[in-house]
Amino acid sequence: MPRDLPTWPAPLAPVAQGAGVVGRESVIATQVTTGKLSEFGRWLRKNKQREMLAAYGFILPTFIGYTAFIIGPIIAAIWLSFTEYDIFNPAEPVGLRNYGDLLRDTRFRTVYRNTLYFTVVATSLNLGVGIILAMLVNRRMPFFIAYIYRLAYFFPVLVALVFSAVIWEVLYAKDTGIINYYLNFVGVSDIAWLGDKRTAMPAIIIMDVWKNTGFAMIIILAGLQGIPAVYYEAARVDGANGLQTFRHITLPMLTPSIFFLVIIFGIGALQVFDSIIVLTGGGPGDTTRSAVMYIYEHAFQLFRLGYASSVAMTLFVVISAVTLVQFRFGQRWVHY
Amino acid sequence: MAEIAQTPTAVQTVHSRFGKARAGDWALIIIAGIGAAIFSVPLIFMFSTSLRPLHAAYQLPPAWFPTEFEYQNYVTVLTHRIPFYMFGLNSAKITFWVTVGRLVTGSMAAFAFARLRFPGRNILFGLLLASLMVPIQVTIIPIFLLLSKIKLVDNHLSLILPSLTSAFGVFLLRQFFMTMPQELFDAAKIDGAGPWRMYWNIALPQAGPGLAALTIITFNQTWNDYFTPLIYLNTIERMTLPLGIAALRGRLDSGNPSVVMAAVALAILPVLILFLFAQRYFIEGVTMTGIKG
């Protein structure tokens, strides 16, 4: 990393070995081995060692945590997924049986269908509503109004999902909730939001949009403000209408923000848990049970830790795949 | 994803200057206002319900501008036999130590990755980054088994220890350290400063916004966490706010929603206050790393 070195004269001695890319470090190392070490070289070598040792010291705490609470547990989880383990008796290796059971488990299929349904719908709505809100708010207006709007849309992002769910549980109540009360005015009779198979998942999604779309709005706003004004001036000169401007300037320039949000919301939604456990507990039946709830119940209520680990592995694969898509295809899809 | 944040901000933009709105924009501004009003309903409802006396708790339509104020609900929350104030203390304690831990370990590792040279630097950083895509649900079962083996389950250490370090914190702060001018470090080096001096006297004092961003994001995350406390804590007296309120919401006061709402209002207050004071850093941190925290 020459960038990190103070600038000093060209190499002090000819490079003894190794063609190709040889940095100043190896020049000095060579001098060390040949014994022709200058005063300056010795000073540098001592400093480099000091810097290296310090660096390992600096990263040590992080890597202790990393080993104990990330790498170790991952290896253990992979191993557990090939065993049957109930905490009380020693883990018993069962080979691929857990994974075979997964394939035959109809509830496993159901919870994944629910999770994917939630992920696709909630992510699209969070993003769509967020873009609309950002476009609405992104115009010149008195500072006071702009400030109030941003707070109103962004505050829910800060409220824990559990607290949001506790509030919305009261709003959704069939007989005493204000949602049904106001819907009665437009001729909709009382809906058992959380108790009805058809409305339970939509109810959870609506709450999720309330809670998260403000985040999308803020990110999109930041993206909008990064679009150079000259582009819009050029479009105006060329006589583009509003829709054309949006389609050919705003949207392409927003792709980095949109792509980022899809990934972030997607990964978050795949792990949905808090809101469901408070609002419906997975019911009615299994209609709102998510993959993470399924892991939680098998691990910590039924004490089938091996099976729970194999379900967790499937989630790991899905989330890793989404993340890798971000790394691999991000550049290609995104217009910078 | 870091590129997102680095879209040039110095470029002239047409939008979002504050001031008098253009005449044609007022219709859209009013639509946005209706949206903002709808979005505010749940929190306003929470607040107004928390101030209602019991006989009006279920009143429909709710009194949006209450005529009677029942502060007693808040007193009930704090003095009731259910130890709400203990939930708050537990949450505060856990959040404090996790935040301090992440600031210390994160800034140290971030400094090394951004400013020091050592063999394996890129590989180790790559490994750390890769751990960002490991969902907590994968590691939690083995961590639970480990912690129960050393008898830390149902103990706050079970929530603090595994969270003292975070790859996210290292990543975030590294971004800040990388943008500092190299000349500062060169000058310090020539004056004989070692790595520790450079970290403490040069890098840290300039990393204020980064440390603030990590603080607020970690605070939010830990204060609002529900999944891990649910797994580790069983005793009521040791529960955190999200866990305690979710577990006891039916029992806080024989199902009086006003008391439950008062509890929620108190629980979200610290996060809202922190945000009002430091929103710039929060949003900066999020856009800079491309991670929600």
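Order of the sequence lines fixes the chain letters, A, B, ..., with proteins taken first and strands second; residue numbering starts at 1 for each chain. What you see below is based on every heavy atom in this structure, not just the backbone, and it leaves out hydrogens, waters and symmetry mates.
- Closest of all the heavy-atom pairs between A/Ala312 and B/Val138 is O-CG2, 3.6 Å.
- Here the closest non-hydrogen pair linking A/Ala299 and B/Ile141 is CB-CD1, 3.8 Å.
- Under the 3.5 Å distance criterion, the side-chain polar atoms of A/Tyr149 are left unmatched by any main-chain donor or acceptor of B/Ala36.
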Start with the C-alpha distance between B/Ile136 and A/Gln271, add both sets of side-chain angles, then the distance that settles side-chain contact (heavy atoms from CB on, under 4.5 Å), and finish with yes or no.
CA-CA 9 Å; B/Ile136 176 80; A/Gln271 301 179 57; 4.2 Å; yes

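- In terms of heavy-atom pairs under 4.5 angstrom with chain B, the leader among A/Leu158, A/Thr323, A/Ile277 is A/Leu158.
- To the nearest 0.5 Å, atoms CD1 (A/Ile87) and OG (B/Ser148) are separated by 6.0 Å.
- B/Trp196 places no side-chain N or O within 3.5 Å of a backbone atom of A/Ala54 that could act as its donor or acceptor partner.
- For chain A, the nearby part of B/Val170 is the side chain; its heavy atoms alone come within less than 4.5 Å.
- In this structure, B/Asn224 and A/Leu161 have side chains that are not in contact, with every pair of non-hydrogen atoms separated by 4.5 Å or more.
- Only the side chain of A/Tyr147 comes within contact range of chain B, with heavy atoms under 4.5 Å apart.
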Would you tabulate the side-chain donor-acceptor contacts of residues 61-75 of chain A under 3.5 Å, counting partners in other chains and residues two or more places apart, or write 'none'?
{"from": "A/Thr62", "atom 1": "OG1", "to": "B/Thr105", "atom 2": "O", "distance (Å)": "3.3"}
{"from": "A/Tyr66", "atom 1": "OH", "to": "B/Leu127", "atom 2": "O", "distance (Å)": "2.7"}
{"from": "A/Thr67", "atom 1": "OG1", "to": "A/Phe63", "atom 2": "O", "distance (Å)": "2.6"}

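- Side-chain atoms of A/Phe155 and B/Pro42, non-hydrogen and from C-beta on, never get closer than 4.5 Å to each other.
- For a residue to count as touching a neighbouring chain, one of its non-hydrogen atoms must lie under 4.5 Å from one of that chain's; by this rule A/Trp79 does not touch chain B.
- Remark: of the listed residues B/Phe144, B/Tyr232, B/Phe227, B/Phe144 is the sole one forming a ring-ring contact (aromatic ring centres under 6.0 Å, His included) with A/Phe300.
- For B/Ile29, the parts lying near chain A are the backbone and the side chain together; criterion is any non-hydrogen pair under 4.5 Å.
- The CZ atom of A/Arg50 sits 11.0 Å away from atom CG of B/Leu116, with the distance rounded to the nearest 0.5 Å.
- The greatest number of non-hydrogen atom pairs below 4.5 Å with chain A, out of B/Leu274, B/Leu276, B/Leu272, B/Leu241, is found for B/Leu272.
- Considering only heavy-atom pairs separated by less than 4.5 Å from chain B, the leading option among A/Ile319, A/Ile178, A/Val159 is A/Ile178.
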Under the ring pair (Phe, Tyr, Trp, His ring centres under 6.0 Å) criterion, do B/Phe275 and A/Phe154 qualify, and how do the steps go?
CA-CA 10 Å; B/Phe275 177 74; A/Phe154 196 76; 5.2 Å; yes

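- Ranked by non-hydrogen atom pairs under 4.5 Å with chain B, the options A/Leu151, A/Leu53, A/Val278, A/Leu80 are led by A/Val278.
- If you take OG on A/Ser164 and CG on B/Leu43, they are separated by 7.5 Å, rounding to the nearest 0.5 Å.
- Chain B forms more heavy-atom pairs under 4.5 Å with one residue of A/Leu270, A/Leu315, A/Val162, A/Ile295 than with any other, namely A/Val162.
- Contact of A/Phe143 with chain B is made through backbone and side chain together, with heavy-atom distances under 4.5 Å.
- For chain A, the nearby parts of B/Tyr226 are the backbone and the side chain; heavy atoms of each come within less than 4.5 Å.
- Closest heavy-atom contact between A/Ala55 and B/Ala112: O-CB, 3.9 Å.
- The shortest heavy-atom contact between A/Pro142 and B/Trp26 is CD-CH2, 4.2 Å.
- With a 4.5 angstrom heavy-atom cutoff, B/Val41 touches chain A only via side-chain atoms.
- Between B/Met198 and A/Glu51 there is no side-chain heavy-atom pair separated by less than 4.5 Å.
- Under the 4.5 Å side-chain criterion, counting only non-hydrogen atoms from C-beta, B/Phe118 is in contact with A/Ile59.
- For a residue to count as touching a neighbouring chain, one of its non-hydrogen atoms must lie under 4.5 Å from one of that chain's; by this rule B/Leu145 touches chain A with the side chain only.
- In this structure, chain B has no heavy atom under 4.5 Å from any part of A/Ile148.
- To the nearest 0.5 Å, atoms CE (B/Met261) and CD1 (A/Ile167) are separated by 5.5 Å.
- Note that CG of A/Leu133 and CD1 of B/Ile31 are 11.5 Å apart. Values are rounded to the nearest 0.5 Å.
- When the side chain to side chain contact (heavy atoms under 4.5 Å, CB included) test is applied to A/Ile132, the partners found at least two apart in sequence or on another chain are A/Leu136.
- For a residue to count as touching a neighbouring chain, one of its non-hydrogen atoms must lie under 4.5 Å from one of that chain's; by this rule B/Asp25 touches chain A with backbone and side chain alike.
- Once rounded to the nearest 0.5 Å, the distance linking OH of A/Tyr296 with CD of B/Gln137 reads 12.5 Å.
- Closest approach of A/Gly57 to B/Met108, counting heavy atoms only: O-CE, 4.2 Å.
- Note on ring orientation: taking the six-membered ring where Trp is involved, the planes of B/Tyr199 and A/Phe58 are tilted (angle from 30° to 60°).
- In plain terms, the two heavy atoms of B/Val264 and A/Val166 that are nearest each other are CG2-CG1, 3.9 Å.
- Only the side chain of A/Phe273 comes within less than 4.5 Å of a heavy atom of chain B; its backbone N, CA, C and O stay farther away.
- Residue A/Ala165 does not touch chain B at all, counting heavy-atom pairs closer than 4.5 Å.
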